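Let me begin by presenting the structure, written as structure tokens, before commenting on it.
The structure displayed is predicted, hence computed values, not measured ones.
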Amino acid sequence: MQNYPLKHTQLTHQHILKSFLACICCLLLFLTSCADTTTNSPNTSSQGSQATASKGNENTYESTLEQQRLSKVKALISGMSLDEKLGQLIIVEYFGSDYENTKLPYMIGQQHVGGYLYQQVNHNFEYPSNTIAGSKQFSDAANKDAKIPLLIAIDQEGGVVNKLSTLFGDAPSAEDLAATGDPNKALEAGQEDANHMQQVGINTNLAPVVDVQTTTPPLLASRTFGTDGNSVATYAGAFLNGLQKNNVIGCLKHFPGLGSLTSADDPHDTLPVVSSSMDTLQKYDLAPYKKLIATQKPAMIMSTDVVTTAIDPDLPAELSPKAIDGVLRKQLGYNGVVITDGLYMGGLKRWGLAESAVLAIIAGNDLIEGPYEPSDVASIIQAFKDAIQNGRLTEKRIDESLQRILLMKMQYGIIKA
């Protein structure tokens with residue numbers, strides 16, 4: 001080993017000592033810094049913990065609220081007669097515009113119907129309901145006759161289906177909104193419609209349309225948001241948010257889809273057939289439902305009278321357990337309220353109104369839409385009772401639909417919690 005002079009060795013020892021002390025200082029500074037970060041500054045981990053706690057508190061609150069609503073609804077159901085229960089499953093239409101001179105007072109007060117639907121074609125917005133004040137007086141009068149507050153509904157899509165035009169003027173169509181390239185425009189349209197509806201006492205909008213257009217000339221034309229399932233879901237979802245975040249019930253329609261039908265296939269006149277494969281249905285027709293059920297919690301979905309052969313080659317979708325209970329409820333996971341399209345449509349005449357109503361409830365629908373007259377309501381209620389008597393329906397099944405309907409009414413403030 002080579003020997004170094006003494007002076008060089010002393011300097012080396014001093015250098016080592018200084019280096020050692022420097023390392024100790026650095027270590028102490030590092031540890032102090034860590035301590036300061038932990039005690040004085042919220043780091044990413046603590047922020048995540050706070051966010052998780054906040055989310056947990058929110059979920060706990062929602063769960064508690066849902067349990068409170070459910071308890072109140074069950075108590076309400078337990079005090080209802082069978083006639084009252086069955087009436088809540090029916091949404092009626094009516095002729096005229098002066099409440100006391102329509103058939104609504106009897107259908108609401110005596111037959112306990114769950115709500116009604118405004119239609120321009122039925123002269124519902126003529127004098128004295130041709131003003132905002134007049135329409136509000138009409139809905140207030142109707143609710144005074146109701147033991148359980150009503151679903152007061154309208155088809156307010158915009159464009160050619162603008163049922164509020166008499167009161168509020170023009171509204172953009174789905175096609176117009178999609179053409180802007182800005183989903184916020186659809187959100188704003190939904191918000192504006194919600195504002196208009198609240199002014200006249202309407203709490204339910206049978207919109208937006210989520211049919212995906214895949215043919216020419218299309219049946220629904222400007223009523224659709226486009227030709228791509230994701231795009232339709234984006235714009236329809238924004239419109240839905242505009243309604244529901246402003247306390248108006250929204251409704252996706254027309255399940256399982258009319259986008260592949262042409263203008264020659266109008267369900268008002270005939271029973272259309274959609275022969276698309278299941279793969280095509282999944283790619284187009286069902287895509288908006290799958291996305292929006294998972295993300296937007298639509299209050300309602302409307303089923304419609306179309307034979308979709310890949311789902312059920314024998315029955316129209318709204319009368320088919322394979323379509324409603326099978327695809328919509330089990331496959332897509334929807335547990336909200338399902339309402340039928342108008343059961344007076346031409347394609348359902350072979351079953352008749354009363355039998356169609358029974359089949360619709362058996363299939364998994366909750367609300368029946370379509371009767372105009374007290375005699376129609378009476379025939380449906382009697383058909384329900386006969387179906388319970390002969391085992392086709394049970395009161396438990398009726399209570400399932402009733403519970404969903406009343407929970408929705410409570411969630412949207414129609415029934416005060």
message: Checking Asp211 against Arg223 for the salt bridge (charged side-chain N to carboxylate O under 4.0 Å, His left out) test, could you report, in this order, the C-alpha distance in whole Å, the side-chain angles of both residues, the deciding distance, and whether it holds?
response: CA-CA 9 Å; Asp211 298 293; Arg223 295 173 63 190; over 6 Å; no
Look up atom [atom1] in [X] and atom [atom2] in [Y], then write down how far apart they are to the nearest 0.5 Å.
X	Y	atom1	atom2	answer
Tyr372	Tyr94	OH	OH	12.0 Å
Leu76	Gln88	CG	CD	8.0 Å
Leu353	Glu373	CG	CD	11.5 Å
Leu104	Asp145	CG	CG	9.5 Å
Ile368	Thr340	CD1	OG1	5.0 Å
Ile324	Phe255	CD1	CZ	5.5 Å

- request: Show your working on side-chain contact (heavy atoms from CB on, under 4.5 Å) between Leu164 and Ile202 and close with a plain yes or no.
  value: CA-CA 11 Å; Leu164 289 173; Ile202 297 171; 4.1 Å; yes
field: Salt-bridge present (Asp140, Lys136; N to O < 4.0 Å)
entry: yes
Side chain to side chain donor-acceptor pair (under 3.5 Å) partners for [X], two or more places apart:
X	answer
Glu355	Arg392
Arg404	Asp366
Thr304	Asp341
Ser320	Asp312

Any side-chain to backbone donor/acceptor pair from [X] onto [Y]? Under 3.5 Å, distance only.
X	Y	answer
Asn162	Gly169	yes
Asp305	Gly347	no
Lys409	Pro149	yes
Ser303	Ala317	no
Tyr334	Val337	yes
Asn390	Asp386	yes
Asn101	Asp98	no
Gln156	Lys163	yes
Thr308	Ile311	no
Asn246	Gly242	yes

Minimum heavy-atom separation for [X] and [Y], please, with both atom names.
X	Y	answer
Ser139	Tyr116	CA-OH, 3.5 Å
Val338	Leu328	CG2-CD2, 3.8 Å
Leu319	Ser356	CD2-O, 3.4 Å
His254	Val209	CE1-CG2, 4.1 Å
Glu126	His123	OE2-ND1, 2.7 Å
Gly114	Ile91	C-CD1, 4.0 Å

field: side-chain hydrogen bond (donor to acceptor under 3.5 Å, both in side chains) between Gln137 and Ser129, worked out
entry: CA-CA 8 Å; Gln137 288 172 2; Ser129 294; over 6 Å; no
field: side-chain contact (heavy atoms from CB on, under 4.5 Å) partner of Leu240, the single match among Leu252, Asn205, Val248, Leu187
entry: Leu252
query: Mind checking what makes salt bridge (charged side-chain N to carboxylate O under 4.0 Å, His left out) contact with Asp399, not counting sequence neighbours?
result: Lys85
Salt bridge (charged side-chain N to carboxylate O under 4.0 Å, His left out) involving Glu93 - partner list, sequence neighbours excluded: none
Between [X] and [Y], is any pair of side-chain heavy atoms under 4.5 Å apart?
X	Y	result
Leu151	Leu367	yes
Leu286	Val327	yes
Ile361	Leu393	yes
Lys103	Asp376	no
Tyr235	Val210	no
Thr204	Leu117	no
Ser97	Pro128	yes
Pro371	Leu343	no

- request: Assess whether atom NZ of Lys290 is packed by more than 12 heavy atoms of other residues, nucleotides or ligands within 6.0 Å.
  value: no
- prompt: Is the CZ atom of Phe125 crowded by more than 12 outside heavy atoms at less than 6.0 Å?
  reply: yes
query: Passes salt bridge (charged side-chain N to carboxylate O under 4.0 Å, His left out), Lys385 versus Glu395? Steps please.
result: CA-CA 9 Å; Lys385 289 180 176 179; Glu395 194 165 350; over 6 Å; no
- request: Would you please test Thr234 and Ser231 for side-chain hydrogen bond (donor to acceptor under 3.5 Å, both in side chains) and show each step?
  value: CA-CA 5 Å; Thr234 297; Ser231 178; 5.9 Å; no
message: For Asn365 and Glu318: C-alpha separation, side-chain torsions, deciding distance, then whether side-chain hydrogen bond (donor to acceptor under 3.5 Å, both in side chains) applies.
response: CA-CA 7 Å; Asn365 295 270; Glu318 64 188 339; over 6 Å; no
- request: Go through the steps to decide whether Gln191 and Asn195 satisfy the test side-chain hydrogen bond (donor to acceptor under 3.5 Å, both in side chains), and finish with yes or no.
  value: CA-CA 6 Å; Gln191 291 170 334; Asn195 175 265; over 6 Å; no
field: Audit row: Val273, Val306, side-chain contact (heavy atoms from CB on, under 4.5 Å) steps and yes/no
entry: CA-CA 6 Å; Val273 176; Val306 57; over 6 Å; no
query: With a 3.5 Å cut-off and no angle check, do the side chains of Ser277 and Gln282 form a donor-acceptor pair?
result: no
task: Apply the test side-chain contact (heavy atoms from CB on, under 4.5 Å) to residues Ile398 and Leu89: give CA-CA distance (whole Å), side-chain angles for both, the deciding distance (0.1 Å), then the verdict.
output: CA-CA 8 Å; Ile398 299 299; Leu89 274 56; 3.9 Å; yes
